[in-house]
2 protein chains.
Amino acid sequence: MATIQEVARKAGVSSATVSRVLNNRISVASSTRIKVEQAIKDLKYEPSMLGRNLRNSESRLLLVLIHSFSNPYYSEIINGIEDYSIANDYNILLCDADSNPERETTFLNMVKNKLADGIISMNPTVDIHKLTELAQKHPIILCSEYYEEVPIPYVAIDNEAAAYRAVKHLIKLGNEKIAFINFDESFLYARQRRKGYERALKEFDIPVNDEWIFNTQGLDFQEGVQVMRKILRLENRPTAVFAVSDTLAIGALKEANVRGLKIPDEMAVVGFDNISFSNMTNPTLTTVSQPMYDMGHKAARMLIDKIKGQSVESLIMDHELIIRESTLN
Amino acid sequence: MATIQEVARKAGVSSATVSRVLNNRISVASSTRIKVEQAIKDLKYEPSMLGRNLRNSESRLLLVLIHSFSNPYYSEIINGIEDYSIANDYNILLCDADSNPERETTFLNMVKNKLADGIISMNPTVDIHKLTELAQKHPIILCSEYYEEVPIPYVAIDNEAAAYRAVKHLIKLGNEKIAFINFDESFLYARQRRKGYERALKEFDIPVNDEWIFNTQGLDFQEGVQVMRKILRLENRPTAVFAVSDTLAIGALKEANVRGLKIPDEMAVVGFDNISFSNMTNPTLTTVSQPMYDMGHKAARMLIDKIKGQSVESLIMDHELIIRESTLN
DNA sequence: GTAATAAATGTAATCGATTTCATAACATAA
DNA sequence: TTATGTTATGAAATCGATTACATTTATTAC
């Protein structure tokens, strides 16, 4: 691999001039520019990012923390992040900590080590204290997961309002006994969605029944199956389910199907996230859609602005209720 | 951010000694080691990877080329790649070219630019000529997608045998009219799977009917739906379908369901890949499983071996037929 | 034609680590 | 005590780019 020095020698100029040609700086005579460009071609020279980055003390790499590659929820957000990043000459490094704290430390250190210029975290299990400390010296943005009283800018939706809307939709269809499959409520979004669930019930004078509220430890399809089994064993059986993730909802839907329940008549189901599968279930799944691509795009913009030293404001995005067969007669 | 120089000054030693402490080199007195470690703590020093990598001319970053984040097929492979890589102090950079040749070039240049030490490509739409050229100077491994007559080591399964096995399974169940939903046959794996399909038919003296062979341009659920619609319109209608990807199979399954066909009696379905959702459809999907985690693990090992300068051999892994409800009465 | 100004290019420092080579300090053997 | 070997450390070069500053060359004004 040729270096800038070799190009300079071949073109009969100094390395400074070659650098100026590479970076399109002003003041380089077109005759020398041509000589240099020829030398670059002849030697098939490619500038080393290592040298450049060391000098500029930037890596032009952004870290994106997710919880697990297997979660289809992330893919559109990532597309949004990536499009904006690449358009601005940043690459992204996708990191799934997979609830492995050691690996998470590795990733967080990359930003201290100058191997990454900033972080977008979408990982709900991230160590928020470490992250907050890191945020004092390095640009960090939260996407979709955020924390009250943590001074890190975020982009997210209004989870309380979205859950409220989903549950209200079920009520309007005539359901009064609505189960709620929630994730572990140590996560803010789970608490917020629960608030929305309860607000909708209260608005219609339906009492909250704790027997119908389930908190899962994970978001696998299988957890949804398990919960639906529990639901079907209840004496006073709900006629509808609102799940905080499509994967849970799809598992629940499947189990209801297997048990021969008519959907939505005997069991209506609403999910959350609008993952691509949600349109491929039988029946198709009603779900809350977040503007995922847009959220990713915005998060990337916020991060890059922050890297540039600008101050950024948190964003709340609009959600949408997508009504499909699982709540449609 | 403190530099190694500042640590050296604070500890009253030279930067060379600090470096030796950091890298656990021999010959540093334990008294000075303690002084240096104290200084590192006091200054909260973290070594800059940029400086280190420049000096060592390595980035310890591996590129993983995929076609699109949205494809669930990759996630387990990526887990395998990542586990091995991280255990060997490499990080991975996930790149979806998303059939954007410009972006692909960006990624391939990273290895020329020394921003990455090697590449694992799983992208079937990659520009194989560029990749082959790059492979002459840089470590590259193909995973799951490979090319005959291209001298790049790969890890993959025997696609012909896997398809043969899937189709034979359908025949043994009594099906003689078996449709085949294949991807674009410009891809080697599509040609190989077709060969397997035809071999199974021939073995049982069933003529190949071109009317029952469909080539899709993409792998979306929706394409599977479309094909099943075409199938159901045929006068001489097949009683079974073998699709080369689960996403296609799930689309086909859904459409057959919607049209009220009994599965598997009136329409048996086999997919390929064993994505997690294939166990959540109704009925669940029979599919060919590749040892994905293992393939990723092996691919990473091959790449890192190659980076170390060792020579590596291509690998063919075993597949497995997972029989579920879509072919089970 | 000369001075003043602008444009083009080169020299050398710099980013932050690692490592070769030289040297100092110390220990051991004769 | 001197010679020899070992261990610990430092000085300085190095990786490959960028850039402040210095210098040369070209252009313009009078």
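Bear in mind the structure is a predicted one, so any value in this text is a computation, not a measurement. Note on naming: letters A, B, ... go to the chains in the order of the sequence lines (proteins, then strands), and numbering restarts at 1 for each one.
The backbone N or O of B/Asn88 lies less than 3.5 Å from a partner atom in the side chain of B/Arg60, making a donor-acceptor pair. Under a 3.5 Å cut-off, the side chain of A/Asn56 and the backbone N or O of A/Glu58 do not form any donor-acceptor pair. Without hydrogens or angle criteria, B/Glu104 side chain to B/Asp127 main chain gives a donor-acceptor distance under 3.5 Å. Using a distance-only test at 3.5 Å, with no hydrogens or angles considered, a donor-acceptor pair links the side chain of B/Glu6 to the main chain of B/Thr3.
Backbone-only engagement by A/Asn23 is indicated by non-hydrogen atom pairs under 4.0 Å involving sugar-phosphate atoms exclusively. Using a 4.0 Å heavy-atom distance criterion, B/Asn53 is classed as making no nucleic acid contact. B/Val13 comes within 4.0 angstrom of the backbone, heavy atoms only, and of no base. Using a 4.0 Å heavy-atom cutoff across all strands shown, A/Ala29 reaches sugar-phosphate atoms only and no base atom.
A residue-by-residue look at B/Gly12 and A/Arg20 shows that B/Gly12 has its nearest nucleotide of DNA chain D further toward the 5' end. Sequence order on DNA chain C of the closest nucleotides to B/Arg55 and A/Ser31 puts A/Ser31 first from the 5' end. Both B/Thr32 and B/Ser57 sit near DNA chain D, but only B/Thr32 has its closest nucleotide nearer the 5' end.
Side-chain contact annotation: A/Asn123 with A/Thr125, donor-acceptor N/O pair under 3.5 Å present. A donor atom on one side chain and an acceptor atom on the other are not found under 3.5 Å apart for B/Thr132 and B/Tyr147.
When DNA chain D is scanned 5' to 3' for any atom under 4.0 Å from a heavy atom of chain B, the first and last hits are D/dA8 to D/dG16.
The distance from atom CD1 of B/Ile4 to atom C1' of C/dT14 is 16 Å, rounded to the nearest whole Å. One can place CG of B/Asn24 at 15 Å from C1' of C/dT18, the figure rounded to the nearest angstrom.
Using cut-offs of 30° and 60° on the angle between ring planes, the pair A/Tyr84 and A/His297 is perpendicular.
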Intermediate values then yes/no, side chain to side chain donor-acceptor pair (under 3.5 Å), B/Glu82 and B/Asn79: CA-CA 5 Å; B/Glu82 199 175 39; B/Asn79 283 331; over 6 Å; no

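Within residues 43-50 of chain A, no residue is approached by DNA chain C to less than 4.0 Å at the level of any non-hydrogen atom.
A close approach under 4.0 Å does occur between a side-chain nitrogen or oxygen of A/Thr17 and OP1 or OP2 of C/dG10.
Under the side chain to side chain contact (heavy atoms under 4.5 Å, CB included) test applied with A/Ile119, the options A/Leu134, A/Val64, A/Leu142, A/Leu62 reduce to a single match, A/Leu134.
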